[in-house]
Each structure stands twice: as structure tokens, then as C-alpha cells.
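First comes the structure, then the notes that go with it.
Here the structure is a predicted model, which means the values were calculated and not measured. Quick note on labels: first sequence line is chain A, next is B, and so on, each numbered from 1.
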Amino acid sequence: MKELVILSGKGGTGKTSLTAAFASLAGNMMLCDADVDAADLHLIMDPDIQETHDFAGGYEAEIIPDACTGCGQCMELCRFDAVKPVEGAGIFYIDGLACEGCGVCADLCPESAIKFEKKVCGQWFASSTRFGEMIHARLGIAEDNSGRLVALVRDEARKRVLANHIDILLTDGPPGIGCPVIASIGHANAVLIVTEPTVSGIHDMERVAQLAAHFKMPAMVCINKYDLNPDQARAIEVIAEKRNMEFVGKLPFDPAFTTAMVQGKSIMETHGDSPAATQIKEIWNRIMAHPAMKMDRLC
Amino acid sequence: MIISIASGKGGTGKTTVATNLCASLDTDLMLLDCDVEEPNAHLFLNPNFTGKEKVNAPVPKVDLSLCTYCKKCMNICRFGAIAVAGKTVVTFPELCHSCGGCTVVCPEKAITEIDRFIGTVETGSLNLPGSPSFGRGLMDIGQVMAPPVIRQVRKLEKEKELTIIDAPPGTSCPVIASMKGTDFVLLVTEPTPFGLHDLTLAVEAVKLLGIPCGIVINRAGIGNDGVKIYARNENIPILLEIPFDKDIASAYSKGELLVQALPEYKEIFKGLYTSIEAIVNRKGDA
């Protein structure tokens, strides 16, 4: 199997629109949406959900009011300011939004007055789409453990890719360079960084390029909306070369991306003959010709 | 007053709104860039950085001469950051959430905490009318714990009457760490299906925190009416619309502020602030 992870550092550069476009070029492929806290790929893929599973990622503490004697040890121990006094009652409660799920309060409460249970903090889905199978997820609002859920959806996708003899897994990654991004790239063949010719796009591309290098992950670069600022676009090509990342192409600004999105389609379906679509095909061919994409990854 | 600027979806214009609001008010406010994974506000404001502080997270260090291998540390740790096998103890600092549980629970007092570097907080001043202050966090490459870096940046908000926070995208822990305890959340979105979908998630997060919010529609004119219909149904005010405009996009690409490229926007951002102030005061009176 092969896996390409689409990243950007900066949000909103076109990761998901491009992933959707690649889906119609990749043949025998599977999709994985690894942006679990603001997932959008399903808006284009219109998945027919075949399986729904709960994701129990972490724990949350809860003080049983009747058992609490108000000794305050939990408040002293908590490093996350999650233990708060119940006003006028002489006892305490846990602020779920601040709770880190470490369980220190529960383990050390002298009255055993703190429940500490695993909680469901999201769901993941196995679906079929008009392009192939798709694994995606929904992290609960304000939940932790996005990295764990990303790792889980990728594991599930990779298992199915192997079992069903799929050629390539396309993983739509999250923005940033933190926990969920790191969870989205391990064991992949390569990452594609989608950037834009703006000072922010360049700055964030460099951070995500450093992250890829840190984890020894081969990286390629493409530019979306290059004609917004051709000088910055050239600067990106120079940076890509300096950082030993193959530059695989650039796309013009094209309102067809938004038009397609509004229709719940990829640009390849609605504007297959547009200059942007032609460029996307070339970019895809260059990606697949990259040495890192020639290797089969078994794990 | 603390205003946080969030979005759900990335790339909708959070930083554009934060930096231009900062540059329009002519007062000594504090702008904090809490997108510690990919901070961008400095690219538009060119702060004169004067202070730099390391952000460290405490992680365990085990003194094996005192350890009896009782495994209490391993049993209390929910993050798999410390393991005892036979006569060896291994720590995994990158998995540690710095809860301090292992240190407290060790009966032999064999565990102390040492600092692990996870990022930096930089502070400085801005060359703008009213001389606003600037702070930002920068998570070190390869690190996973954004919230401690964000919390460190937010310690600076006590210094000024008005703080503007540029939050990261998404709806999970780093976003909550950036919005929690603020007086108003300004949600920046774009009028597309992706923008709307992620806006609805961000609104749910804001509701959970019980903070008043308003919407800025950026790139107005593209896409469809979904965001407006949603805002009307949810009774969330749309406080500003910034049209899709090649001149605005081009200024942004070069790192120019919108209020520099198109000075008439300065009054528009002042008006945005007045609307926010009115909502926050109304809530205070109620």
C-alpha cells in the first residue's frame, strides 16, 4: 500500500478541495479524513455511512457531591485549575472543560468521592463514496485527544487498505504542526504541502516542512492561487528546492473550486476541462512519479 | 475586556481581523497570537520584540537509588509516560501531560520534576498609534502540547484594559484554551459550505463556554447564502462583511494590513469594536 498525506500548516489553502480532486484521479484508492475537529471532506464526498463506532479517547473526573467532605486535596493536587468550589456548599466540583483527564484527584481522594470514567468523546465512520471507501470521524466539541482519534482513523483506514488490496490511501490532514498533524503522518510514504503565495502561507509551509524533516518524512510542495502573487510563488519554489522538497506544480486562482464545493462536487467533476483541472492532473502525475511514492509500506 | 477571534475553519481571516482591529483602535491594547503552531500576526505587524521567555513543562526524573519498583507511578499515569519493568523505569517525556501524579504518589520520593522545553513566548511593542503591545507563543517543532504554551501567552492579558486574542483553527483543546474566560468571541468565516460547517462547530464550542459571540463574513460575495441564513436562525449578529476583492487579497499576500492598503477600513474596524463593546456591556448590565 501507499499513503499520501495532504498538509498545509496554514488552514484554508485548499487541502480538502485538492484531496477530493485527487480522489477521482487515483483509481483504486481509499480516503481518510484526518482533520477530525473540523472535518469537511464529507461535504464533497457525500459518504454513505456503513459503520458508526464510538471513540472513547479519554477520561473525565466527576465529584460525587454527597461523598465529598470538602477537604480540598483535589483542588491542591490539580495542575489544570479544573477543581472549583461549589459556592456556599463547602464542597467542590470539576470543570469538565478544564479537566485534563489525568485522574490524580480521583486516585488520591481520601473519601473515594471522585468518579473517573472513560467517556465517549467522538465517533468514527466507515463509509462508501462514489470514488471508493472513506474513513472519517467527528471529535466532540471541545474534546481533547484529537491526536488519538486521528491515529485511530488512520489505523482503521490502513487495515482496510491492506485487507481490500487498495493501491493508495489519500489522507486529508489537519492544519497546524501539533499533536493531530504528527498523528497523521507516521508511516506514510510522503506528505504533500499545499501552500499559497502569501507571507502567512510561506511562513506556515516552512514550519510544516521542518516538522516533516524532523520525522524524516519526504515532502512535496504545490501552490494554490499562485497568480495572487507570482513573486511570492517564485519564492516558494526556491524554498522548496532549498529544503529538498520536490515542487510538483501550481494552480491558478479559480472560482470553480468554490462553485464545485457549493454543488458538493470536486472541481474534476464540475470543471474537468478547466486550466486548474489540467494542472491538478499534472500535479498528480508528478506526485506519483516521486521516488517516495514508489515504495510499498506494509505497516 | 478580552476579545478572542476564532473560526473553526482555518484560513478564513482570523489574523486579518485581529491585526486590523489592533491597528485601528489607536489605544494601548494587547494583541496576543495564541495560534502557537502557526502564528502569523507578527508578519503583518512587525513587532519590535524585546522579551523572550521559555515555556517549559515539568516532566518526571526518577532517582533509581531510591526506587523500589512498586509501579505506583506507572499505575497513576493515564498517558503512558512512565513504565516500570523489572528493575528498569523508563519515562516518555513527549507523552507526559505534567499532571504531577507520579511525583505525588511515589512513596519513596524517588521522583522529582525537571523542565522540558516545549516553546517560547515573545513579547514586544508595535509601531502603531497608541503603541499597542504584542505577545505570541511559538510551539517548538515536533512538540504536541499546545495548551501550556497558550496558557503562558495568556498570562500577558492582565497587563492591559483591552486584549485581542488571535486563536488557532479547529474546536478542540488549543481553541478552548484560547477562548476560555474571554468576554466575547468574534467568529470569522467565509460564505462557503466548508466555512458554514466549521462555523456551526465553533458556535457550539462558544455556547459550551457561555460567551457572547458575533460573526465576521470574509470574502463576502463568493459561495452562497448558507452562513447568513444560519446566523439569522441562530440569532447571532453579523458584525462585519469584508468583500472578496483582489486588492485586499494582494495586500494580504504581501503582509500589508488592510487598513494600510485601504485606509477607509480603519473606521469600519472601529465600528466593529463599538458593536462588540455594546454587546459585552449589555450582557454586563443584564
Side-chain angles (χ1 to χ4, degrees), chain A residues 8-13 16 35-40 43 58-59 77-80 97-98 100-104 107-108 139 141-147 174-182 196-201 203-204 207-208 210-211 214-215 225 228-229 232 253 255 258 261-262 264, chain B residues 7-13 15 35-40 43-44 58 75-79 97-101 104-105 139 141-146 168-176 180 190 192-194 197-198 201-202 204-205 207-209 222-224 226 246 249-250 252-255:
Chain A
S8 66
K10 177 169 161 43
T13 59
T16 302
D35 186 358
V36 298
D37 72 314
D40 286 331
L43 298 173
Y59 292 82
L77 286 170
C78 180
R79 295 248 177 113
F80 308 99
L97 283 174
E100 187 85 0
C102 69
V104 172
D107 281 21
L108 299 179
L139 186 70
I141 302 291
E143 292 291 355
D144 301 343
N145 291 300
S146 58
I177 60 158
C179 167
V181 177
I182 292 171
E196 59 177 34
T198 65
V199 289
S200 306
H203 173 271
D204 296 356
R207 298 258 294 162
V208 79
Q210 285 174 53
L211 185 81
H214 181 91
F215 289 102
K225 307 177 198 163
L228 202 64
N229 190 327
Q232 300 272 30
F253 170 77
T258 306
M261 189 203 293
V262 168
Chain B
S7 71
K9 176 167 159 49
T12 56
T15 301
D35 186 355
V36 302
E37 295 180 35
E38 295 288 19
N40 289 153
L43 300 170
F44 299 86
N75 293 338
I76 201 171
C77 181
R78 265 79 187 189
F79 308 107
H97 285 227
S98 303
C99 69
V104 180
V105 85
M139 190 167 82
I141 304 279
Q143 296 296 329
V144 295
M145 301 291 171
T171 60
S172 63
C173 32
V175 184
I176 300 301
K180 203 169 190 285
E190 59 178 36
T192 64
F194 288 4
H197 177 262
D198 298 351
L201 301 176
E204 285 188 44
K207 280 185 184 163
L208 217 53
L209 292 167
I222 67 165
N224 58 18
K246 280 234 161 158
S250 160
Y252 173 84
S253 77
K254 290 180 268 189

_Does this structure show an ion pair linking A:K10 with B:D35, if we count only N-O contacts that are shorter than 4.0 Å?_
no
*Sort A:I182 into side chain, backbone, both or neither according to what part of it lies under 4.5 angstrom from a heavy atom of chain B.*
side chain
*Given that the side chain runs from C-beta out, which part of B:A146 has a heavy atom under 4.5 Å from chain A: side chain, backbone, both or neither?*
neither
*asked:* Does any backbone or side-chain atom of B:P39 lie under 4.5 Å from a heavy atom of chain A? Answer side chain, backbone, both or neither.
replied: both
*To the nearest 0.5 Å, what is the distance between CG (A:L97) and CG (B:L209)?*
5.5 Å
*Between A:V208, A:T198, A:D35, A:D204, the one whose heavy-atom pairs under 4.5 Å with chain B are most numerous*: A:D204
*Given A:D40, A:V262, A:T258, the one that forms side-chain contact (heavy atoms from CB on, under 4.5 Å) with B:P193*: A:V262
*Between the main-chain N or O of B:I141 and the side-chain N or O of A:R207, is there a donor-acceptor pair closer than 3.5 Å?*
no
_Rounded distance [0.5 Å steps], NZ in B:K254 versus CD in A:Q232_ = 9.5 Å
*Heavy-atom distances under 4.5 Å only: say whether B:T171 touches chain A with side chain, backbone, both or neither.*
both
*Is chain A contacted by the side chain of B:V36, its backbone, both, or neither, given a heavy-atom distance below 4.5 Å?*
backbone
*Are the side chain of B:Q143 and the backbone N or O of A:G178 linked by a donor-acceptor pair below 3.5 Å?*
no
